[in-house]
Structure formats: C-alpha cells, structure tokens
Amino acid sequence: LGPTITVGEILVELMATTTGFGFKEAQTLYGPFPSGAPAIFIDQVARLGGAAGIIASVGNDDFGALNVERLQNDGVDTSAISKSTDRPTGSAFVRYRDDGSRDFIFNIMHSAAGSIELSAQAKALIARAGHVHVMGSAFAIPGAGLAIRTAIEAVRERGGSVSFDPNVRKELLGSGNLRQQFEYMLQNADLLLPSGEELFVAAGTEDEATAVTHLHDLGIDEIVLKRGKDGATYFGATGARYDFHGFVVEEVDPTGAGDAFGATYLTSRRQGLGPEVSLERAAAAGARNVTLQGPMTGLPNTTELDTFIASTPRRTK
Ligand code: ADP
C-alpha cells in the first residue's frame with residue numbers, strides 16, 4: 001500500500017549545555033537540532049527504508065530549511081510541508097536538571113507549527129497514503145484535527161491502517177475536545193503505542209490486564225507499551241504477549257526515544273516482520289537514540305540498527 005504519513009509539529013531544539021534549573025541565567029546553548037515528535041517519527045520510518053511523508057508547517061527561515069533538508073535527505077516526502085510567510089519555525093529550549101527531569105520553553109502555538117492546513121499538497125499526500133500515524137500532541141494544533149480525520153478516513157477506505165501514540169499529558173485531556181479526539185483515535189487505531197501511565201489514561205482503568213482487554217475490545221489489534229529503560233511489552237489481540245527487557249546503554253538525551261521506537265516497530269511490521277522481532281528492533285532504536293544528544297541524531301538506518309542489536313548487551317529481566 002502507500003507511504004506512512006503523519007501530521008504535526010516541526011521545530012528546532014536548543015539545549016542548555018549545563019544542568020540546572022531553567023533559563024534565567026546566561027548560559028551556553030547547543031543546537032539548533034531538528035525536532036518535533038512527528039518529524040522524529042517520520043524521519044525514522046524513512047531511515048529504515050519505509051515510504052514516508054508528513055503534513056506540517058515551517059517558517060521561511062533557516063530553522064525550517066534545516067528541518068526540511070534533514071527529512072528530504074533521509075527520503076521523507078516533504079511536499080506537504082507548507083512554508084509560512086508570516087510565522088517563524090517552532091522552537092523549544094530544553095535544560096536538564098541533575099535528577100534527569102527537564103525544563104522546557106516551547107514556542108509552538110505562535111510559530112508556523114501552530115497552524116496546519118489541508119493544502120492541495122496535503123490532500124495529494126493523503127490520497128497516496130497507506131498508513132496514518134497520529135501523535136496525541138498534534139490535536140493541540142489548530143487545523144491538525146481536520147487533517148488527521150481526513151487522512152484516517154481516506155486511508156481506511158483504501159484498506160490501510162492507523163497507529164496512535166497518545167503522547168499527551170493527563171491534565172490536557174480535560175481541556176476542550178481533546179478527550180473526544182482521543183476517543184476517536186482509540187476507536188480507529190489498529191496499533192496503540194502508549195508510554196507508561198498513558199496505557200491507563202487511554203483505557204480509563206489502572207489495572208494493566210483490564211486496560212489491555214478493554215483496548216483490544218475497541219478493535220485495537222496490537223498494543224505496544226513503552227517502559228523507558230525497562231524496555232517494552234507487546235499485547236496482541238490474540239492473547240500473545242512478548243516482553244523485551246531492554247538494552248543496556250548510557251542515557252545522554254531521552255528526547256525522541258519513544259518516536260524512534262514507534263516508527264521502528266511500525267516500519268518493521270509494515271515490512272513484514274513479526275511482532276516479537278519488531279519489538280526488539282523498536283527497543284534497539286529507542287535505546288540507541290538516548291545515547292546521543294539531539295532528538296534525531298541517534299536515529300539508525302537498517303545497517304546501524306543491525307549493528308546495534310548485535311553489539312549491545314541486554315537485560316535479562
Ligand atoms: P517515550 O519517549 O514515548 O516516553 P520511552 O522513554 O519508554 O518512550 O522510550 C521508548 C523505548 O526506547 C523504550 O520502550 C525502550 O525500549 C527504549 N529506551 C528508552 N530509554 C531507554 C534507556 N535509558 N535504556 C534503554 N532503552 C531505552
């Protein structure tokens with residue numbers, strides 16, 4: 001079928017080079033790095049040889065250009081990235097605290113990423129698509145909801161599939177119609193990629209087994225739960241379960257691990273690999289990505305992924 005497509009924010013990330021609290025003192029920043037969860041995801045799909053495209057918006061500036069060039073060089077169809085003439089490319093400032101948590105300053109809603117249009121190019125990409133991947137965070141962007149629904153309906157009609165990564169904070173779910181968008185995604189997803197507690201938020205229960213059964217009953221065939229350094233678990237609608245306990249790596253920058261993981265799982269499945277092997281490959285992409293600074297720096301191609309899998313120690317439980 002056609003390419004995997006996604007909809008959402010493209011931005012650059014600038015990182016503080018020292019750990020500490022926030023951005024009030026003058027400090028050295030490192031960057032810009034290309035970023036945005038949907039951009040990281042779709043770049044990973046392309047690096048593994050999957051056909052890929054993104055509906056997004058950047059400004060007419062170097063931050064936009066560096067993102068588009070990166071995606072293009074890796075083989076992503078960038079024809080549906082529109083270039084805003086009156087808004088700059090989105091940006092995020094990040095600083096780590098000593099305990100590993102992060103402080104962020106985001107400039108997204110007033111940037112080019114804050115409005116996504118269903119342009120003629122976006123419609124053309126949708127008309128070719130075979131799979132739609134949706135991030136929960138994309139629903140916060142005006143216009144993205146319409147593009148997502150249009151894409152899902154078109155892809156469904158052509159016999160394609162849908163995946164959903166509910167990467168949205170619990171507190172946001174109560175606001176506006178986000179809960180409604182979330183329910184729509186749960187009704188339409190074939191593959192769900194929650195991280196930690198997002199499984200409970202999605203299912204509306206705090207018991208893992210009950211949550212998984214409920215989500216399978218909604219028609220979600222595959223649930224792949226991300227557990228950070230502890231790896232990930234696959235729950236199939238047939239009752240199959242696989243646990244992968246994780247590769248042992250030194251974490252330098254966790255941003256993008258979940259997106260690298262999700263894109264690798266999906267692409268491996270779309271390339272015909274089984275769920276157990278796909279889970280291992282996804283965990284490898286996630287683990288490799290945290291070892292390098294910059295959300296997209298560690299995204300492997302197929303050879304790099306194979307090398308990582310062969311040479312990295314893993315946890316046994
Ligand atoms: P998200 O970024 O969506 O919260 P995770 O942090 O769980 O997702 O990361 C996704 C996957 O990447 C994990 O399931 C795991 O397989 C891998 N991963 C992430 N962080 C590490 C780490 N520190 N060590 C090893 N593997 C990791």
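All ligand and atom numbering here is 1-based and tracks the order in the structure. The model shown is predicted, which means the values in this text are computed figures rather than measured ones.
In this structure, Phe235 has its ring center at least 6.0 angstrom away from the ring center of His216. The six-membered or imidazole ring of Phe93 lies away from that of Phe106, with a centre-to-centre distance of 6.0 Å or more.
No option in Val162, Ile220, Leu266 other than Val162 meets the side chain to side chain contact (heavy atoms under 4.5 Å, CB included) test with Asp190.
Under the rule for a salt bridge (charged side-chain N to carboxylate O under 4.0 Å, His left out), the partners of Asp165 that lie at least two apart in sequence or sit in another chain are Lys226.
Between the side chains of Asp99 and Ser101, a donor-acceptor pair is found at a separation under 3.5 Å. There is no side-chain donor-acceptor pair under 3.5 Å between Ser57 and Arg87.
When heavy-atom distances to ligand 1 are checked against 4.0 Å, the residues falling inside are Ser195, Lys226, Arg227, Gly228, Lys229, Gly231, Ala232, Phe247, Val249, Glu251, Ala257, Gly258, Phe261, Ala283, Gly286, Ala287, Val290, ordered by chain and number.
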